[in-house]
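Please read these numbers as outputs of a predicted model, since none were measured by experiment.
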Amino acid sequence: MSVSERLSRSLSRGVVGFPVALASSVGVVMASPVILTATSGFGMAGGTFALAMLIAYLMMQAQATTFAEAAAMLPTSGAVYDYISAGLGRGLAIAGTLSAYLLVHVFAGTAETILSGIMALVNFDHLNTMLEKSGSAWMVGVGLVIVFGALNALGVTLFGKAEVALTFCMWATLTVFGVAGLLHAPAVDLGGWFGAPLRLDDPGLLLSLVGMAMFMFVGAELVTPLAPELRDSGRAIPRALKIGLSGVAVTMLLYGAAMVRQVANTPLDPAHPDGPRLLDTPMALPAFAERVMGPFGKIWLGIGLLLAGAATINTLMAALPRILYGMAQDGALPRCFAYLHPRFNTPWCGIAAAVLIPCVHAWLIQGDLDRIMPLVLAAVCSWGVAYLLVTLSVVRLRLTRPDFPRAYRSPWFPLPQIGSALGIVLAICFITPPGMQARDIYVPFGWMLGLTLLYALLWTLLVQKVNPFRPVPLEQILNAQRAGEDDDALRRELERVAAAG
């Protein structure tokens, strides 16, 4: 069978439909830190942040075409690791994948752990007051991480298919609250549609806000590991990315416009007007919900945020260990990450790492909300590095392997790749918004990225004994994916026979 025939067969034999692909493209995006980022961004800069959102949206749509082409060439569960390996070699593939998922888990995973409980509990006055007195509200998120880590270790996915419904419910909830807030009589005198008027006199301000706005869209590429299981993935993945990013953009614009109309961005301490403001904190959410829908609105939003946070954490506890497992199978990580529990068939080492990283980090900073935004922006930098590597790999493959079949080709090549890469570089360079110190973002990001690059170089040279920059043939990656699928099918058949027997 030719490569083209095998690729066509792989793209068409999936069993998962388009709704799952769409939910996967926005499931991690609709998380607590993203909602807080939108609230803070619109409160800080109003119309200027809305323009930054539009720029970030266009950048990510361009980036989506790159990921869609990569997934069409290599419909593998290895996704980012395989995409970079094919164009740039295993060394950069290790660094890029760890940057996209492990480092992001250190930064954004910690932010989600801290915020998932806090943003839900602020809507329940008595419970929140009790936990705030002891300073332990952030421990709710730690508890969720531990619980879902344990469930995944035991092979139990509590939400399973319900995660699709939960994702759309949270999406719909924010949209409903946004529309209701716009229809409700405004409680704040506005300088523009999105609060503060648009400012074009300070390009540095706009560029710094683009980095914040990018966080509201990154993570959509998590649909690509589903390529082996999706029906007609050559069409489903680009459609899911385009529609998912558009849906998030519309929802967040509605939500942001409604928030600044209904909640005044007053200083938390009137004696210090230059200090933190209400829209920089989770306390803006119950004020907004009660203003729009009364006490019922607070309960609705609180329950929705708690379930969405739980679903996001459950996704992280399921996804990251399996990414580490796949890398370990290819020899890119220590073999312990490839260990599967003989009874539960789950990667315990990876799950332990996925639990410990955000829990220990949250404990080290004691759930400090002032540290959340620097963590979010450091995560944007980590994601940006991985996106740049995927873009470079796809460009190189388009030039060196024009003969290789592609069910989807990025239109107007290479303009989307140039535009998204330039935008990501500028966003990283101007990532620091007003009132924040650049070192709070760059120092932790720089240290973690440096260690990741050092590990990738030493591991490929000393352990794998391969050239870290030699591309892996596309055919070799596809054959490895097929062999893995055959092994999985054999294991399932043996488990079925043993259960029947």
Side-chain angles (χ1 to χ4, degrees), residues 22-23 26-27 29-47 49-54 57 115-116 118-125 127-128 164-198 213 216-217 243-266 277-312:
L22 182 57
V26 298
V29 176
M30 302 298 289
S32 303
V34 172
I35 297 171
L36 183 61
T37 298
T39 305
S40 179
F42 281 106
M44 180 192 308
F49 185 73
L51 178 58
M53 263 192 67
L54 176 61
Y57 165 74
L115 285 175
S116 58
I118 291 177
M119 290 187 65
L121 293 178
V122 292
N123 294 278
F124 304 98
D125 296 330
L127 183 59
N128 186 58
V164 176
L166 287 171
T167 297
F168 283 107
C169 284
M170 194 63 220
W171 198 354
T173 293
L174 286 181
T175 303
V176 168
F177 272 87
V179 172
L182 291 176
L183 295 176
H184 207 73
V188 180
D189 293 329
L190 300 175
W193 181 260
F194 296 101
L198 174 65
M216 300 165 67
F217 302 105
I243 296 174
L245 290 171
S246 299
V248 169
V250 171
T251 295
M252 289 303 176
L253 285 171
L254 290 172
Y255 166 78
M259 175 65 77
V260 295
R261 273 172 165 69
Q262 302 302 334
V263 180
N265 196 19
T266 55
R277 292 177 170 267
L278 179 59
L279 294 186
D280 297 327
T281 71
M283 292 305 300
L285 290 169
F288 172 62
E290 188 165 24
R291 168 69 186 168
V292 173
M293 295 189 183
F296 170 72
K298 292 174 63 177
I299 297 173
W300 178 3
L301 190 58
I303 293 174
L305 285 167
L306 187 62
L307 290 176
T312 300

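- Within the model, atoms CG of Leu182 and CD of Gln262 stand 8.0 Å from one another, a figure rounded to the nearest 0.5 Å.
- Of all heavy-atom pairs spanning Leu254 and Thr175, the tightest one is CD1-CG2, 4.1 Å.
- Of all heavy-atom pairs between Gly43 and Leu279, the closest is CA-CD1, 3.5 Å.
- Shortest non-hydrogen contact noted between Trp171 and Val248 is CZ2-N, 3.8 Å.
- The side chain to side chain contact (heavy atoms under 4.5 Å, CB included) test with Met259 is passed by exactly one of Phe194, Phe288, Phe42, Phe177: Phe288.
- The neighbour count for Trp193 CH2, taken as heavy atoms of other residues, nucleotides or ligands under 6.0 Å away, does not exceed 12.
- Side-chain N/O atoms of Tyr57 and Ser246 include a donor and acceptor closer than 3.5 Å.
- When all heavy atoms are compared, the tightest approach of Met293 to Val176 is CE-CG1, 3.7 Å.
- Here the CG atom belonging to Leu301 is positioned 7.5 Å from the CD1 atom belonging to Ile35, to the nearest 0.5 angstrom.
- Looking at Thr39 and Val263, their side chains never come closer than 4.5 Å, going by heavy atoms from C-beta outward.
- Annotation: the span from Met170 atom CE to Leu305 atom CG amounts to 4.0 Å, rounded to 0.5 Å.
- In this structure, CD1 on Ile299 lies 10.0 Å from CD on Glu290, to the nearest 0.5 angstrom.
- Across every non-hydrogen atom of Met252 and Leu174, the tightest pair is CE-CD1, 4.0 Å.
- Between the CG atom in Asn265 and the OG atom in Ser40 there is a gap of 8.0 Å [rounded to 0.5 Å].
- Rounded to the nearest 0.5 angstrom, Leu253 CG and Leu54 CG are separated by 8.0 Å.
- Nearest heavy atom pair, residue Leu115 against residue Pro33, reads CD1-CA, 3.7 Å.
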